[in-house]
Structure formats: C-alpha cells, structure tokens
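Okay, so here's the structure we're looking at.
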Amino acid sequence: MTSAPTARTPAPGPGRRSAASPVVRPTDHDEVAAAAGEVAGGPAGRRAVSGGGWWTPVRVVVAVALGMYTLGMLQKLPCLDGAWFSGQTSQYIHACYSDIPHLYNGRGFADGLVPYLDRIPDRISGGMEYLEYPVLTGVFMLIAAKLTVGGDSLRQEEQLYWVVNAGMLMVCLAVLVVCVVRTHRNRPWDGMLVALAPGLALTATINWDLLAVAMTAAGMLLWARSRPVAAGVLIGLATAAKLYPVLLLGPLLVLCWRAGRWGAFGRAAGGAAVSWAVVNVPVMLLSWDGWKKFYTFSQERPVDFGSLWLIIQQRTGRTFDDANIYATLLMALGCAGIAALALCAPRRPRLAQLSFLVIALFVLTNKVYSPQYVLWLIPLAALARPRWRDFLIWQSCEALYFLGIWMYLAHTGSEKRYGLPEDGYQLVIAAHLLGTAYLCAMVVRDVLRPEHDPVRKDDGSDDPGGGVLDRAPDVFTLGSPAPRPLRQRSATTVPRVAVRWGATLRE
C-alpha cells in the first residue's frame, strides 16, 4: 500500500513563528549557563519547555524576578527603619537611598497638593515650584499617595509611601519580565537575565523608572506580534512617563526604511504621538507652567553624578555650562553612526540590537547617569545580546558603581570624610561607563558579523522581535546586497548557521 506524500509545512510569514519552533535552552549554547546548570541539577530537561508542567518558563522567570526584587527591598530595610530620617550620611553608608520617601513631603503629596496644578511651597520643596517628572509618572506618584493611609506621623507616612510604591513597582516588574520572556517566543529563558540582574534588584525602588521600562517592554512585545499601532501607543505612554522611550522610534525608522515597511512605521509613530498627546495635552491646557517643569528642569540641570562630563569637570576644574550642547552634538553624531551601521550591515540588524545601542548612547553622552538608568538598558541588553558572560561583566561594573556613588556621597557629606574620595569615585564612574561601552561593542560586532549574534546563531532566527521586519527582504541598503534570511525550521533540532558576508542562504 502506497502511503500518501507528506505535506510540507508552509514557512511562516513575516512576524509569525512556527508552532513547532524549538525552545532555545541557554545550557545548550551558553558556557556560563551550562556551568551554572550543573550546580542547579544539570542541563535543562523536558520541564524547561513551555507546556511541560505548571512551572513554564514565564512562571519560573517571574518567580525568580520577584524573589530578587524582594531581596532588593530587604537591602533597603536599614533606610526604612530610620536611615532615611537620621541625616543624609546614614542612608549613603547603608547604600539604601531612595527618592521616593523624600519626595512624598518634598513635592506636596503629604499636603494633598495636585501635581502640575498646585504650586509647591518653597518651604517644603527647596525651590522646586512644580513636580519635575513627566505626567504619567506624576499620576503614578499621586495614586500611590492616595493609597498611603494609616500613618500617625509624617515619618510613618513616608515609610508607607515607599512600601506602597514598592508594591506598585513590583507589578511593573512582573509585566516587564513577562513581556521580555514572550518577545522572543522560542527564547523564553533569556528573561532570566532580567530576573537575576543585580542592577535591577539594587535600583528598582530608587525612583519610578520601572513604570516606563515596563510599558516600553510591552510596546516591544506588541511590535514583535506585528501590531504596530498598539506598539506605538505603548511607546507613547512610556514617553509620557520617561523621555527615553521616544528614542526607540529612531531604530524603527531606520529598520523600516531598509525593509520598505513605511506603513508599519507610520502607524507606530502615529500611535505614539496620539497616546502621548492624550496624556499630556490636558495638563498643558490646565497648567502650562506645571507641565513644562520637567522639560525646563532637564534643560537647566547642571552636570551631575555618574557622567563622563563630571569626570572632565572635576579633573579640569571647568564648569560645563554648555553641557547640553556637547551632549546633544555627541548624541546626534552617534545616532548618525548607528543609522549608517544599520543601513550598511551585511544583514539587517535586529530591533533589540539597535534599540540597545541608541539608549546606551543616550546614557553615555548624557550630563547625568543616575544609578537607576541601568533599568532602561537591562531588558534591551537581554534581547540584544543574551550571553551571560558579557551581561555579567556589564552588571558587575554597574554594581560597583552602585556602591561607589553612595560611598562618595557619604564621603562628601561627612565631616570625618570616610567613604570614597573624589579620585576613587571617578574610577567607578569610568568602570560603569566602560562596562556599558563594552556591551555596546559586542552588539556592534554582532551586527557587523551576524554569525556571532547569539539569537541568530543558536537556532537560525532572523529577528524574532522584529514583527513585520522578521524575514522581510531588504529594499534599501548602503552596502553590499544582504543575504536572504533563513526561514524558521520546524524540526525539533535546529543546526547552527554561519552567516557570511555575501553568502547565499538556502533552506
């Protein structure tokens, strides 16, 4: 009896992923993960695959992330117990500083003032007339203030305010991790980079950055699902909470230009503009002075902690009054270089790669590099270069800087001058700048030599987070014609693929 011919499964179209795509296990491709896996019981087994039990990858990664977040909260206990309220030096010595409790009273929330609409008295704000945060972050802060009830004194209210914010930010963290895990469908374990990042545990409750980071991750997930309008809406909302997410429209523009996907970019940019306007325009109309405070404060803010400009300023004794001009010029030149890289690369870069490079360029050239800015980069780094060695090198530099800045502030704020002196602080600034630059260099190498890109090398993917860009042909480049991306294989085992300049790739 002759058997019927087996029908070939059609290749998935752009932005779609075959249901039979195997899950990439870090223990099979990453030496550091494999070594760590021996401690945890050996290589991943059947339960490491989605559907292999209740403990699916997303649940495992979220549980680990929440555990690390809890450890980060415990690290702040000395401040919660009293160091926030016993002078500046104590909170620096314990390395547990947070803006959150101090701004509860300092920005008028304790007095029931409405952000942007009510002017803050100088006696409590130190001269800050209005809240200096974007509108959506201000709404987040106000909601937390409304939930802060039951304190018998201002100190207890400030403690409760931090706890309430920490709980709300924990929800943001869960959203962030879920989005990172699901952005690359066949690489869920890359989310463990986010979950175990020391920088996240240490800085998550310093400020309110996790709100914007979570919405940015959600926008990237929606783009990966080929939903550009929804992705744009989330990017616009994230920009209404923190300025940096708007920079992601740059990589989208260049990649859509190379792939000829102008319609998708237009829908994403339009969605971002509309959602940003819906949040901001009402506040602009009600109180222009209150709304613009964030932008004027950012413009007028002098050179501050963590930046390259601070090292130069301290070493030369020169005050950089024109730091905005220098930073803007370097940012513009860097973005032009990244655009040229994207258009000249032998294969179209992945969205996560360009997004990481642009945001990293922004923090490296900015006049301030606060410790919590590492939160902006962690999810992008996990998607751009999911390799534990490079990630841990970078995170070690960030952890060193986290300790260094508080020891430096303890030194400057204490008459006994214990802590880290100025020269030592400059060294830790240099370390965390060089750590970020190192990871950027590795991503640039992956772009120029795609055979080194972990995402493409491990299973032959093109751009699993690229949505409409995934496996789309190029229509415009500045270099040699790019090779046609591999289609996703449906076999349970996918061989490694070497991508060479000018090579023709076949199934």
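Using cut-offs of 30° and 60° for the angle between ring planes, the Y373 and W376 rings count as parallel. Classification of the W208-Y133 ring pair by plane angle, with boundaries at 30° and 60°, yields perpendicular. Classified by interplanar angle (parallel below 30°, tilted 30° to 60°, perpendicular above 60°), the ring pair Y408/F305 is perpendicular. Taking the six-membered ring for Trp and thresholds of 30 and 60 degrees, Y401 and Y369 have ring planes inclined between 30 and 60 degrees apart.
Evaluation of the side-chain hydrogen bond (donor to acceptor under 3.5 Å, both in side chains) rule for R187 yields D190, D458 as partners, not counting sequence neighbours.
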Residues Y97, D99; criterion side-chain hydrogen bond (donor to acceptor under 3.5 Å, both in side chains); working and verdict: CA-CA 7 Å; Y97 173 84; D99 291 323; 2.5 Å; yes

CA sep, side-chain torsions, deciding dist, call: D459, S461, side-chain hydrogen bond (donor to acceptor under 3.5 Å, both in side chains): CA-CA 6 Å; D459 70 340; S461 295; 2.7 Å; yes

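With hydrogens and angles ignored, the 3.5 Å screen pairs no side-chain donor or acceptor of Y104 with any backbone N or O of E157.
A salt bridge is defined here as a Lys NZ or Arg NE, NH1 or NH2 lying under 4.0 Å from an Asp or Glu carboxylate O, and R471 with D462 fails to meet this definition. Ion pair K292/D289 flagged as a salt bridge, since at least one NZ, NE, NH1 or NH2 atom sits closer than 4.0 Å to an Asp/Glu carboxylate oxygen.
For the pair L169 and F140, the minimum side-chain heavy-atom distance is below 4.5 Å.
Of the candidates R387, R385, R456, K457, R385 is the only one forming a side chain to side chain donor-acceptor pair (under 3.5 Å) with D446.
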